[in-house]
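As C-alpha cells, the structure follows; a few thoughts come after it.
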Protein chains: 2
Amino acid sequence: MAADAGAGEEAGVDVTSPRERYRAQVRSDIKARAWDQIARSGATGLSLNAIAKELGMSGPALYRYFGSRDELITELIRDAYRSLADTFRAAAESGAGLEGLAQALRRWALDDPQRYFLVYGTPVPGYHAPDDITAIAREIMGALLDVCASAGLEAPAPASASFTAHLSQHRQWAEGHPAPPGVLRKALAFWTRMHGVLSLELAGHFTGMGFGPERLFDAEVAELTPGR
Amino acid sequence: MAADAGAGEEAGVDVTSPRERYRAQVRSDIKARAWDQIARSGATGLSLNAIAKELGMSGPALYRYFGSRDELITELIRDAYRSLADTFRAAAESGAGLEGLAQALRRWALDDPQRYFLVYGTPVPGYHAPDDITAIAREIMGALLDVCASAGLEAPAPASASFTAHLSQHRQWAEGHPAPPGVLRKALAFWTRMHGVLSLELAGHFTGMGFGPERLFDAEVAELTPGR
DNA sequence: CATGTTAGTTATAGCTTCTAACGCAAGCGA
DNA sequence: TCGCTTGCGTTAGAAGCTATAACTAACATG
C-alpha cells in the first residue's frame, strides 16, 4: 500500500523486492491464522486446509509458503521460543529481579497458554528440535542465570548441598557462565517450580479446587526470593 | 485365566457369558495396541485403522468396541488415572512416607512417560473430563493428603504464611479432609514441585545439560522432607 | 427350530496432508 | 517497451484418516 518504492539500490534502507514483501506478508497471515487455530483447539487440531480456506485460497497453495504441516508447526515453536527469550531478556534487563522474571513468565504464559505448551508441553516422541531452537533455549537459560547470579543467594536451601556439589562438576549447560554452583541450583529450582505451578494452572488442574492460582504462584515465588 | 465358568446363575462367582468374555478380551487387545502406539508416537498419532489392521480386522469393526476415537482415548486416560491412583494408594499404605510416594511417582512416570502426559500433559482446549475421572483425581489428592498429614510438618516454609492462611478458607478441594492448612500447603508444594521436575525430565528438557535428572529429583524431594 | 442379538464385512462420504501438472501474471533485465 | 523467467495459485488426484450405512454370518436364547 505504501507508494515510495522504486528507488535504486542506493541508500539501502529497503532491500526487499515487492515479491519478497508480499511473500512475507502471506507467511505472516498464515501464521496468524495458525495461532488462532492453536489457541482454539491445540496444535493437534491445526489444519492447513482450514487456514487456506480462511485466507481465500485453495488448499495446496499454502505449500508454496511452508513445505509441510510439521514445518509450519516447527516455525510456530521457534517463534514461541523467540518470544519467551525476548520476554526473559527484557525482564532481566529491567532489573526487576527474580520476582519480576517470575511475573513476566506468568503473564507470558497466561497470554496464550497453548503457546506455553508448544514450548513446555507434551513432547512428540520422535521429534527433535532443530539446532537454532535449542540455541534459543540456551539463551533463555542464560537470561535466567544472569538474573539468578545478580540476585544473590541467601539460604538457597540447605538440604540440596549434595546436588549443588554435583552441579559444580556437571555444568556444561551453563556454557561458561561464571555463576557458582549455588546460583545454578537456584536457576534450576526457579525453572522447575515455576513450570510446576504454571503448567498445572494452565492445564486447568486447579479449577474447582477453591484457592486462587495466582496466590499459589506468588507463594512459590516468595519462597524462591527470600530476601525481599 | 480361571476356568470355573459354566455353572448357572447360582453361586454367582462368574456371571460373565462367553460373549462378554470375548468382548472384554478384544477390548483389552485394542487398548494394549493403543498404548503401544501412544508410547511410540504420542496420543496424536493414535490411529484406529492401524490398530484394527494389527488385530487382523478391518477398520469399522473397531467401532463395535469403542464408539469413537475420543471415547477410546478417554478410556485410556481413565486407566492412566486409575493406575496412578492405585500407585499412590499402595505407596501411602506402605508407610514409606512422602519420600516413598515421590519415588513411586517417579517410577510410575518413567515406566511410561506418555501415560504421565495423558494425565498431566498439554490439555485439549475443548476437552472436559467426565465426572468419574475427576473423582479419581480427587482420590489421588486424598492419598497425597493422607501421606502429608501423617508426615508431620517441620518448617513447611515461612514465606508462604499468607497463602497458608488463604488455604484455611479455600479448602473445598480437601473435601472434609481434617488436615490443617499447613498440610494442604505441603500437599500442593509436593504436587507442583514433583510435577515440575518430572515433566521437564520426561519431556527431555534436561538432556544434554550434563547433570543427572534423578539427582535433581532427589534434591527436590529432600527439600520437601526436612525431617529425614 | 425360530428368532433376535452381535461381530464382522464392504461401500461410501467427507475430511486430512501432500504431489503433480498446468495456466497466468507479475517482476526483471535488455 | 518487449520478451523471459520466476513464482503464485489453480485443479486433479493419491493415500490416509474417522465415521456411518447396509448387509451377512455366526451365535445365544426363547
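Chain letters run A, B, ... following the sequence lines, proteins first and then strands; every chain starts at 1.
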(request) Taking heavy atoms of chain A and a 4.0 Å limit, find me the 5'-most and 3'-most nucleotide of DNA chain D within that range. (result) D:dT6 to D:dA12
(request) Let me know the distance between CD of B:Gln25 and P of C:dG8, rounded to the nearest Å. (result) 12 Å
(request) For A:Tyr65, answer base if it contacts any base atom (sugar-phosphate contacts may also be present), sugar-phosphate if it contacts only those atoms, and nothing otherwise; contact means non-hydrogen atoms under 4.0 Å. (result) sugar-phosphate
Between the protein and nucleotides 27-30 of chain C, are there any N/O to N/O pairs under 3.5 Å, and if so, what are the atom names and distances?
none

(request) For A:Ala50 and for A:Pro60, find the nucleotide of DNA chain C with the closest heavy atom, then tell me which residue's nucleotide is more 5'. (result) A:Ala50
(request) Taking only the side-chain nitrogens and oxygens of B:Ser58, find out if one of them lies under 4.0 Å from OP1 or OP2 of C:dT10. (result) yes
(message) Closer than 3.5 angstrom, by distance alone: can the side chain of A:Ser28 be matched with the main-chain N or O of A:Ala24 as a donor-acceptor pair?
(response) no
(request) Would you indicate whether the side-chain heavy atoms of A:Leu198 and A:Leu105 approach each other to under 4.5 Å? (result) yes
(message) Nearest whole Å is fine: how far is C:dT9 P from B:Leu62 CG?
(response) 10 Å
(message) Strictly distance-based, threshold 3.5 Å: is any side-chain N or O of A:Arg64 a donor or acceptor partner for the main-chain N or O of A:Arg23?
(response) no
(request) Find which nucleotide of DNA chain C each of A:Gly59 and A:Arg64 is nearest to by heavy atoms, and output the residue with the more 5' nucleotide. (result) A:Gly59
(message) Any carboxylate oxygen within less than 4.0 angstrom of a Lys/Arg side-chain nitrogen, looking at B:Asp131 and B:Arg138?
(response) no
(message) Using a strict threshold of under 4.0 Å (side-chain N to carboxylate O), is an ion pair present between A:Arg33 and A:Asp29?
(response) no
(message) Strictly distance-based, threshold 3.5 Å: is any side-chain N or O of B:Glu99 a donor or acceptor partner for the main-chain N or O of B:Asp218?
(response) no
(message) To the nearest 0.5 Å, what is the distance between CD1 on A:Ile51 and CE on A:Met57?
(response) 9.5 Å
(message) Over all strands shown, is B:Leu72 touching base, sugar-phosphate only, or nothing at heavy-atom distances under 4.0 angstrom?
(response) nothing
